[in-house]
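Below, chains carry the letters A, B, ... as their sequence lines are ordered, and counting in each starts from 1.
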Number of protein chains: 2
Amino acid sequence: MVTIRDVAKHAGVSPATVSRVVNGLVGYSEETRRRVEEAVTSLNYETDFMARGLKTRQTSVIGLLAPMVSDALASEVMRGVEEAAREQGYAVMLGRTGLQSVFIDGYLRTLRTYRAAGVILISAVITQETRQILGPNIPIISVAISDRSGSPSVSIDDERAAYDATRYLLSLGHRRIGLLAGDPASVFVAHPRQRGYERAMAEAGHPPVVAHGTFFYDSGAPGLDELLRQDPDLTAIFAVSDEMAAAAVNELQERGRRVPDDVSVLGFDNTSTAQHVHPPLSTVAQPLEEMGRAAVRKLLRARNLGPRIMPHSIIARGSTGPPAHQHPAHQHQPSQEL
Amino acid sequence: MVTIRDVAKHAGVSPATVSRVVNGLVGYSEETRRRVEEAVTSLNYETDFMARGLKTRQTSVIGLLAPMVSDALASEVMRGVEEAAREQGYAVMLGRTGLQSVFIDGYLRTLRTYRAAGVILISAVITQETRQILGPNIPIISVAISDRSGSPSVSIDDERAAYDATRYLLSLGHRRIGLLAGDPASVFVAHPRQRGYERAMAEAGHPPVVAHGTFFYDSGAPGLDELLRQDPDLTAIFAVSDEMAAAAVNELQERGRRVPDDVSVLGFDNTSTAQHVHPPLSTVAQPLEEMGRAAVRKLLRARNLGPRIMPHSIIARGSTGPPAHQHPAHQHQPSQEL
DNA sequence: TTGTAAGCGTTATCAT
DNA sequence: ATGATAACGCTTACAA
């Protein structure tokens with residue numbers, strides 16, 4: 001292995017000077033710089049991160065903790081994180097965490113002993129304990145989750161996004177809109193999304209119709225079933241994840257109902273799943289990749305305080321449209337544009 | 001920060017002894033062990049990986065390089081890698097690589113200076129250059145790619161799997177089977193999969209019908225179009241990725257053809273995509289997660305030589321069935337079980 | 001502008 | 001069975 005001393009010898013300077021040049025500090029002549037750089041390339045020298053880390057008490061690694069939940073979502077964020085990290089010269093250390101915080105603690109500890117430059121949490125909330133394990137020197141930030149604690153975070157306004165999405169369905173003329181919600185106990189974003197829906201429905205004077213799923217595909221069909229049991233005349237389904245929405249579309253068609261002619265379906269997150277169903281899913285988009293990039297930048301800046309809210313948007317694809325007509329027994333409602 | 005000296009002092013022994021106990025080496029009395037362990041827990045001591053890495057020239061880091069291609073596939077493998085690594089006390093350092101090897105070289109260098117314990121390559125092939133950058137001390141292994149070079153790898157037999165898949169379609173009674181192939185130039189598995197299909201078709205005495213896509217969803221519809229142009233009477237489509245197969249299913253239905261009644265569709269990889277289409281995709285399954293786990297184990301064993309072939313299987317779901325009947329102009333072929 | 005030297009926290013060698 | 005001590009390769013005061 002070629003060390004900094006080898007380079008120093010080759011360039012005829014001291015190790016200290018080599019270190020200065022390599023790290024772009026000040027305090028050497030142009031001529032020296034040239035000679036050192038020549039030596040570096042000709043010897044193919046590379047800084048030993050272990051030695052540097054031991055000395056500086058910092059490494060260029062960013063810890064990235066992602067849950068097993070909604071892989072497609074985490075994948076998008078990860079892409080953004082990885083790209084931004086690479087551009088800034090950081091490596092990404094990956095940990096997959098379940099819903100249990102058992103693993104997350106372990107990872108946090110590992111990250112601390114590796115002297116990580118920072119930690120990014122996808123779809124998980126920063127607790128007191130989290131902060132405590134990490135100690136005061138390692139910053140942490142959460143992504144894609146509406147954090148109410150005021151901790152550093154990058155996310156959309158989930159409540160508002162769900163509200164807007166419901167308004168969108170309302171503006172299409174729908175009145176009987178069912179919510180395929182998530183389990184608030186296990187997934188944090190479930191709660192604000194449900195609140196947004198309920199607020200929009202309340203404002204419009206329509207009763208909410210809610211069933212709970214797990215965010216995963218498998219829970220979509222049973223959830224739809226439950227919704228339809230509560231109100232067989234639903235003309236629109238709003239699912240808080242694309243996977244559940246996709247399952248709803250497929251199950252609806254299985255039952256002989258056309259999408260969107262008979263029932264509209266709206267998803268959430270704009271993951272790749274949304275485009276793989278037929279018709280493709282209208283959905284609420286989060287700028288996932290950009291959120292990942294933003295998280296890295298925010299983490300690495302000194303001022304890493306408070307939440308950062310990113311814009312959401314509603315992408316209308318084929319799975320939503322105006323309602324055909326209400327159930328024969330009910331009054332006919334012409335579709336209305338808002 | 002609490003160091004090994006603090007523990008030594010607390011336990012009334014030397015740092016060397018603490019090190020021996022912590023690392024489970026020999027050379028200390030039962031009584032000493034007890035005292036040291038008490039000190040470790042009561043001081044909450046944790047080994048500094050940087051210092052250890054500097055000294056031992058090794059860290060418990062496994063580098064994981066995944067392409068942007070077919071995210072769902074990489075995700076599955078990653079899960080297996082991450083789990084196995086954690087169980088063995090290793091951390092995973094993630095790099096996403098494009099199809100270009102530009103990034104991969106950079107990551108390899110980073111991994112080397114971090115003194116990684118080993119490197120896992122998903123869907124990418126180990127080249128001479130790769131090996132050279134890594135040096136002789138860091139083992140590397142590729143996953144989910146049929147490597148012909150004899151380098152360490154974990155994969156299925158892609159040629160054989162495609163052959164078996166085609167035979168499966170043949171056994172259902174299909175004669176006119178189109179292949180939605182991948183681009184052999186950009187994705188390595190494309191080639192053996194195409195060969196397997198061609199071999200099975202040749203043996204059965206049927207002409208191959210081939211169109212090329214990119215493995216991604218978007219290339220599915222155009223690919224199907226091309227296939228149907230070559231032979232409008234195709235009764236089965238075999239796509240070498242689930243994404244292309246999903247696109248084919250959707251496009252087929254868009255054109256008013258029923259799946260599988262009019263046309264059967266078979267996918268490849270058994271990613272989550274396969275279950276999100278309607279009807280759910282029959283597909284060729286690779287034990288992706290298990291392959292990830294196997295890769296970690298193989299990497300960490302001393303004897304890490306040659307390829308390891310994992311079993312593939314064909315999962316019949318709703319998208320395949322016997323052909324209804326041939327084109328009216330042709331002879332009727334009763335469906336036949338093989 | 002440049003060099004010397006003292007660690008960073010650990011492990012490994014060599015005594016005892 | 002245990003302890004001194006010397007590295008590992010780097011950064012950083014402090015000197016010059």
Base-contact (B) and sugar-phosphate-only (S) positions in nucleotides 4-14 of chain D, heavy-atom cut-off under 4.0 Å, - elsewhere: B--BBBBBBB-
Would you indicate whether the side-chain heavy atoms of B:Leu65 and B:Leu108 approach each other to under 4.5 Å? yes
Which part of the nucleic acid, if any, lies within contact of B:Val13, taking any heavy atom under 4.0 Å across all strands shown: a base, the sugar-phosphate backbone alone, or nothing? sugar-phosphate
Enumerate the residue pairs fulfilling salt bridge (charged side-chain N to carboxylate O under 4.0 Å, His left out) with a member in residues 12-34 of chain B, sequence neighbours excluded, ordered by first and then second residue. B:Glu30-B:Arg33, B:Glu31-B:Arg34, B:Glu31-B:Arg35, B:Arg33-B:Glu37
Is there side-chain contact between A:Leu73 and A:Leu288, with heavy atoms separated by less than 4.5 Å? yes
Worked check of side chain to side chain contact (heavy atoms under 4.5 Å, CB included) between A:Met93 and B:Val61: CA-CA 9 Å; A:Met93 210 173 252; B:Val61 172; 3.9 Å; yes
Check the phosphate of C:dT1 against A:Thr32, side-chain N and O only, distance under 4.0 Å to OP1 or OP2. Yes or no? no
Heavy-atom distance under 4.5 Å between the side chains of B:Ile104 and B:Leu121, does that happen here? yes
Whole angstroms only, please: what is the CD-P distance between A:Gln58 and C:dC8? 18 Å
